[in-house]
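Hydrogens, waters and symmetry mates are skipped; everything else that's a heavy atom, side chains included, is used. In this text, all values refer to a predicted model and were calculated from it rather than measured experimentally.
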Amino acid sequence: MKVLVTGVCGNIGRLVAARLLASDHQVIGIDRRPWPEAPAGVDLFNLDIRKRAAEDVFRRTRPDAVIHMATVTHLAIRSEDRYRINLYGTRAVLDNAHRYGARAAIFVGRHTYYGAAPDAPLYHREDDPPMAVTTFPELADLVAADLYAGSVLWRYPDLQTSILRMCYTLGASSGGTLAGFIRGPTVPTVLGFDPLFQLMHEDDTAAAIVCALGTGLRGVFNVAGPPPLPLSVIIRETGRRMLPVPELIFRLTLGRFGLPKLPPAAVTHIKYPVVVDDRAFREATAFAPAHDADAAMAAFRTAHPA
């Protein structure tokens with residue numbers, strides 16, 4: 001199968017490409033970032049997915065399937081730029097997939113779509129509303145991209161589309177929201193709160209995406225790994241020191257004194273859990289993670305000692 005992967009130069013993108021190559025798929029990658037050591041089997045195009053040149057790649061290569069991972073999660077990027085990349089980029093990729101005859105498309109989203117709140121259910125199902133729009137406005141562009149991808153299910157019924165809402169990933173690489181938060185030797189938390197965090201090994205994340213491609217999914221699916229863990233356990237098992245502080249001080253110290261830089265609304269995600277029910281994905285694909293949470297945390301601890 002000829003598979004076009006956007007965001008292929010990211011940490012998960014590289015792992016997905018390696019798994020596709022190992023399964024004898026032809027891989028076409030689009031990414032603005034370089035990948036000097038890209039495997040010989042990856043046909044890489046350093047392009048912006050929103051531009052005409054990227055559409056030309058679709059037109060020339062005519063991929064059988066598209067895996068879209070070229071969304072921006074880095075909150076330091078200006079919101080208007082994130083919105084254009086995440087929403088307009090998603091529209092361009094999925095429209096091009098349909099226009100040039102792809103049979104399947106996978107949009108890789110995030111479980112933070114559901115938002116964190118004190119009155120939210122412990123386990124979110126796929127039909128839960130996107131409360132992140134109100135609880136974490138900085139994620140509105142990612143929510144909009146997810147909803148747009150969902151609209152493809154009825155707009156392009158001939159395109160076998162799946163939306164995967166992935167939980168946090170952790171492993172040897174330093175990429176990802178959770179890895180960024182616990183990267184330093186000291187991790188601040190809000191005094192009196194110890195939310196559950198759901199994580200999976202980055203290798204399992206890539207395996208789940210490739211598994212979704214191979215089983216012909218259609219629809220919206222939560223994807224998770226081992227059972228969730230308290231944030232305090234994750235901090236301890238990755239070799240970090242937890243620093244509980246009152247919420248007011250927590251907000252004032254964000255981005256200072258070597259502590260993580262987060263927008264104010266991110267505090268809700270440090271106070272309350274976002275945990276998803278992934279039974280539908282496991283039943284549809286028979287997917288089972290190969291690594292437990294201890295392995296994911298150990299891989300990160302070894303690669304990034306405090």
Side-chain angles (χ1 to χ4, degrees), residues 71-77 79 82 109-124 128-143 146 165-171 174-200 202 205 222 224-277 293 296-297 300-301 304 306:
T71 52
V72 177
T73 57
H74 199 307
L75 295 172
I77 296 177
S79 59
R82 282 168 44 93
R110 280 90 177 162
H111 78 315
T112 48
Y113 165 95
Y114 298 108
D119 57 346
L122 178 57
Y123 282 90
H124 292 279
D128 281 2
M131 294 306 296
V133 173
T134 57
T135 63
F136 200 161
E138 289 84 355
L139 295 180
D141 53 323
L142 289 172
V143 171
D146 185 296
R165 294 174 182 158
M166 317 289 300
C167 73
Y168 293 126
T169 63
L170 201 63
S174 60
T177 302
L178 178 58
F181 179 62
I182 65 173
R183 184 174 293 121
T186 301
V187 181
T189 62
V190 180
L191 184 65
F193 293 88
D194 191 14
L196 292 172
F197 268 50
Q198 209 165 15
L199 62 89
M200 62 192 302
E202 58 191 10
T205 300
N222 296 326
L229 295 172
L231 177 58
S232 60
V233 173
I234 297 172
I235 294 171
R236 183 184 70 241
E237 294 302 315
T238 53
R240 273 63 185 164
R241 182 175 70 90
M242 187 171 73
L243 179 63
V245 295
E247 184 171 344
L248 177 60
I249 298 176
F250 185 94
R251 292 179 181 273
L252 292 174
T253 56
L254 286 176
R256 303 178 181 178
F257 315 113
L259 299 179
K261 183 178 181 180
L262 299 170
V267 175
T268 58
H269 284 248
I270 311 302
K271 293 171 60 179
Y272 308 113
V274 183
V275 179
V276 296
D277 181 345
M297 293 184 293
F300 181 83
R301 183 178 64 244
H304 309 283

Query - Expected output: side-chain Arg240 to main-chain Gly184 donor-acceptor under 3.5 Å - result: yes
Looking at every heavy atom in both [X] and [Y], which two are closest together, and how far apart are they?
{"X": "Pro185", "Y": "Ala306", "answer": "CA-CB, 4.0 Å"}
{"X": "Arg183", "Y": "Phe300", "answer": "CA-CZ, 4.3 Å"}
{"X": "Ile270", "Y": "Pro188", "answer": "CG2-O, 4.4 Å"}
{"X": "Pro195", "Y": "Lys271", "answer": "CB-O, 3.7 Å"}
{"X": "Pro226", "Y": "Ala293", "answer": "CG-N, 3.4 Å"}
{"X": "Ala296", "Y": "Leu199", "answer": "CB-CD1, 3.9 Å"}

What's the separation between atom [atom1] in [X] and atom [atom2] in [Y], rounded to the nearest 0.5 Å?
{"X": "Leu170", "Y": "Ile182", "atom1": "CG", "atom2": "CD1", "value": "5.0 Å"}
{"X": "Thr189", "Y": "Phe181", "atom1": "OG1", "atom2": "CZ", "value": "7.5 Å"}
{"X": "Thr134", "Y": "Met131", "atom1": "OG1", "atom2": "CE", "value": "3.5 Å"}

Requested in this report: Mind checking side chain to side chain contact (heavy atoms under 4.5 Å, CB included) for His111 and listing every partner two or more places apart, or none if nothing turns up?
Outcome: Cys167, Tyr168, Gln198, Val274, Val276
Report task. Kindly determine whether Thr186 and Arg241 satisfy side-chain contact (heavy atoms from CB on, under 4.5 Å), including the steps that lead there. Result -> CA-CA 5 Å; Thr186 301; Arg241 182 175 70 90; 3.4 Å; yes
Does any part of the side chain of [Y], heavy atoms only, come nearer than 4.5 Å to the side chain of [X], both counted from C-beta?
{"X": "Asp128", "Y": "Pro121", "answer": "yes"}
{"X": "Asn222", "Y": "Arg165", "answer": "yes"}
{"X": "Pro244", "Y": "Val190", "answer": "no"}
{"X": "Thr71", "Y": "Asp141", "answer": "no"}

Query - Set of residues satisfying ring pair (Phe, Tyr, Trp, His ring centres under 6.0 Å) with respect to Phe193, sequence neighbours excluded - result: Tyr272
**Report entry** CA sep, side-chain torsions, deciding dist, call: Phe136, Thr112, side-chain contact (heavy atoms from CB on, under 4.5 Å)
**Finding:** CA-CA 9 Å; Phe136 200 161; Thr112 48; over 6 Å; no
Query raised in the report: Phe197 and side chain to side chain contact (heavy atoms under 4.5 Å, CB included): which partner among Leu229, Val233, Leu178?
Result: Leu178
Query raised in the report: Quick one: side chain to side chain donor-acceptor pair (under 3.5 Å) pairs with a partner in residues 228-238, sequence neighbours left out?
Result: Asp194-Ser232
Report task. Answer with yes or no whether the side chains of Arg110 and Thr177 bring together a donor and an acceptor at under 3.5 Å. Result -> no
